[in-house]
Structure formats: C-alpha cells, structure tokens
Amino acid sequence: MLRLDVSTFGGTLTVNKLFQIGLAATALVAAMPAQAATFVVDLNDQMPAGTVTAGNPYGNIRTFTSVVGGETLNVKATAWSRANGGNAVQTAYLGQYIDTVGGTANGLGVINRNEGDGSTGNSHTIDNSVGLDFIVLQFSKAVTLTGGVLNAYALNGATARDNDAFVGADTLTGNWDQALSLTSWSAITAGLTASTTTSGNGTAAQRFNLSNVTGNMWIIGASVNNADTLDAFKLAQITATTAVSAVPEPATWAMMLVGFGMVAGAARYRRRKTTAVFA
C-alpha cells in the first residue's frame, strides 16, 4: 500500500498563489493612470441682494463645495478690484444676487470701494467701469478651469451686454485656503502660470482655453482690455477638472498588505493533512 502526504505541498502552493495574486493586484493598481474628475460648481445660493454695510464688509468670504464620485472639491471665493489705470489692488465686496426680473439667481458680483452700495447702474457686477473687478477662487485641489457661466449685464443704462473676461491660474504654497494679501496688480499677473482673455460678446457659457494649465488659485475678472465696450457679468458657475490618483494612499497600502497577510495566515491555519491510500 502507497501513502502520499500532500499537505505541505498543497499548503505552500496556496500561499504562493495568494502572494502572487497580491503582487499582481498591487502592480495593477500602481500602473493605473490617474482619472480626471470634472466638478461643476454652482455659485448661486438664492441669497437676496446685499449691500456694503457693517454686516457685509469688503473682503468678505464665500465658500462652495462640489462632490463627484466620492471626491470633494472645496472652493473659497473673495472679491478684489484694481484702481482705474493704476496698479493698486484692494479688497471688494463679494455678493450673490437675485435678478429683479424673474427672481432668478444669476451669480457672484463685485462691489468695489468706488461704487457705493452697488445698487445703481448694475455696478454690483464684475465689471471694468470704475476699477477692474475680479474674483479669486482658491481650490482644495489643483484644477484646470475649462469654462464657466458668465451672465452678461449692461452698465449704466447702456444697451450693449458684453462679458469678455480675464482668466488666470496660479499655484499657492502652503494652505490652499490661506488668507491672501494682494496689493499690486503687476505682482499678481507676474506670478500667474498662464492667463487668457475670453471673447464672450454676451454669450453666458464660455470656454477658458487653458486646458493644459493647472493651479489651486484662479482669477476671473472683467477683461483687462475693454476697447470695444465696457464688460460686466455675474459669475454663476465654473467647471473644474482635477486629476484623481488611482494609486492608494500609504494607509490604504498598509491595509492591503495586512489583508493579504491575514488571508495567507488563514490558509495556513485551515490546512489539513491529506493522505491518499492506494491498495
């Protein structure tokens, strides 16, 4: 009679297979390319028109959040303005307004220090009438802004509605939501990674044509060159694309390794001696 003990062979084969599967799985995850997530951030929250008062000061902050596929993008927005023909930059009031016609929210507007309470002539828009208004958007992740919705307005009783815009990107070091100290327009533009000017001509939905540029700080303002007519708009929406890494974080790697170890240990523990008997 021949007795064949296969327990050691079988147990070793199982552990080897598990180890090989683990290596293959981790290699596959590491080799996966980063996936782009696109966030559409709505900048309306149906707030009534605000004026610059003690409760609504210059330099106020508004925050927004967008979630896509379990990924969260946080946005901090502040308003600024450059003096007409000058270099000095000051904080402004960032408002969210409901249009008096139809009662619909049309986006973020800016009231600078030369526009009173912004209640006349559509001066609560992002415009280049009395100073160059712009909004700074700080993001919790580096993004590419591919476009936005810029609702055009006519200034001071004019009939023309133009929403040409200046768009630029920069990368902040340190905390993404840090307080900014902006005092010079030339310093701001010199630090930008890239910038462009859109030709809105009244069309609300616009592309920004900076597809290869990323940053965690973006500027959207009225056009620097308003040779055709004064520009004025409210920023209602932005589309931001961010690369979401498919490679697990260090803590995830540790959990995966522990899991593989537990599976291998269980396989060893459950192994039973098998004896084949041939008469």
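In this chain, numbering begins with 1 at the start of the sequence shown.
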Residue among Asp231, Asp133, Asn84, Asp162 satisfying side chain to side chain donor-acceptor pair (under 3.5 Å) with Asn128: Asp231
Partner set under side chain to side chain donor-acceptor pair (under 3.5 Å) for Asn74, not counting sequence neighbours: Thr65
All side chain to side chain donor-acceptor pair (under 3.5 Å) counterparts of Arg113, not counting sequence neighbours: Thr91
Counting C-beta onward and ignoring hydrogens, is there a side-chain heavy-atom pair between [X] and [Y] closer than 4.5 Å?
{"X": "Ile135", "Y": "Leu108", "result": "yes"}
{"X": "Asn156", "Y": "Ser129", "result": "yes"}
{"X": "Lys76", "Y": "Ile61", "result": "yes"}
{"X": "Trp218", "Y": "Val167", "result": "yes"}
{"X": "Leu180", "Y": "Met217", "result": "yes"}
{"X": "Thr214", "Y": "Val143", "result": "no"}
{"X": "Asp127", "Y": "Glu115", "result": "yes"}
{"X": "Ile126", "Y": "Ile220", "result": "no"}

Residues Thr203 and Asn201: side-chain donor-acceptor under 3.5 angstrom: no
Asn106 and Tyr153 side chains, donor-acceptor separation under 3.5 Å: yes
side-chain hydrogen bond (donor to acceptor under 3.5 Å, both in side chains) pairs, two or more places apart, involving residues 163-183: Asn163-Gln206
Heavy-atom pair of closest approach, residues Asp42 and Ala236: OD1-O, 3.5 Å
Smallest separation among heavy atoms of Thr72 and Phe39, with atom names: C-CE2, 4.2 Å
Under 4.5 Å side-chain linkage, directly or through intermediates, the cluster mates of Val149: none
Co-members of Leu230 in a cluster of I, L, V, M, F, W and Y side chains, linked at under 4.5 Å: Leu155
Short side-chain to backbone donor-acceptor contact, Ser223 and Asn225, under 3.5 Å: yes
For [X], which residues count as a side-chain contact (heavy atoms from CB on, under 4.5 Å) partner, sequence neighbours excluded?
{"X": "Ala194", "result": "Leu210, Val213"}
{"X": "Asn114", "result": "Asn112, Val130"}
{"X": "Thr38", "result": "Thr239, Thr241"}
{"X": "Val89", "result": "Trp80, Arg82, Phe134, Leu182, Trp185, Ile188"}

Rounded distance [0.5 Å steps], OH in Tyr93 versus OG in Ser81: 15.5 Å
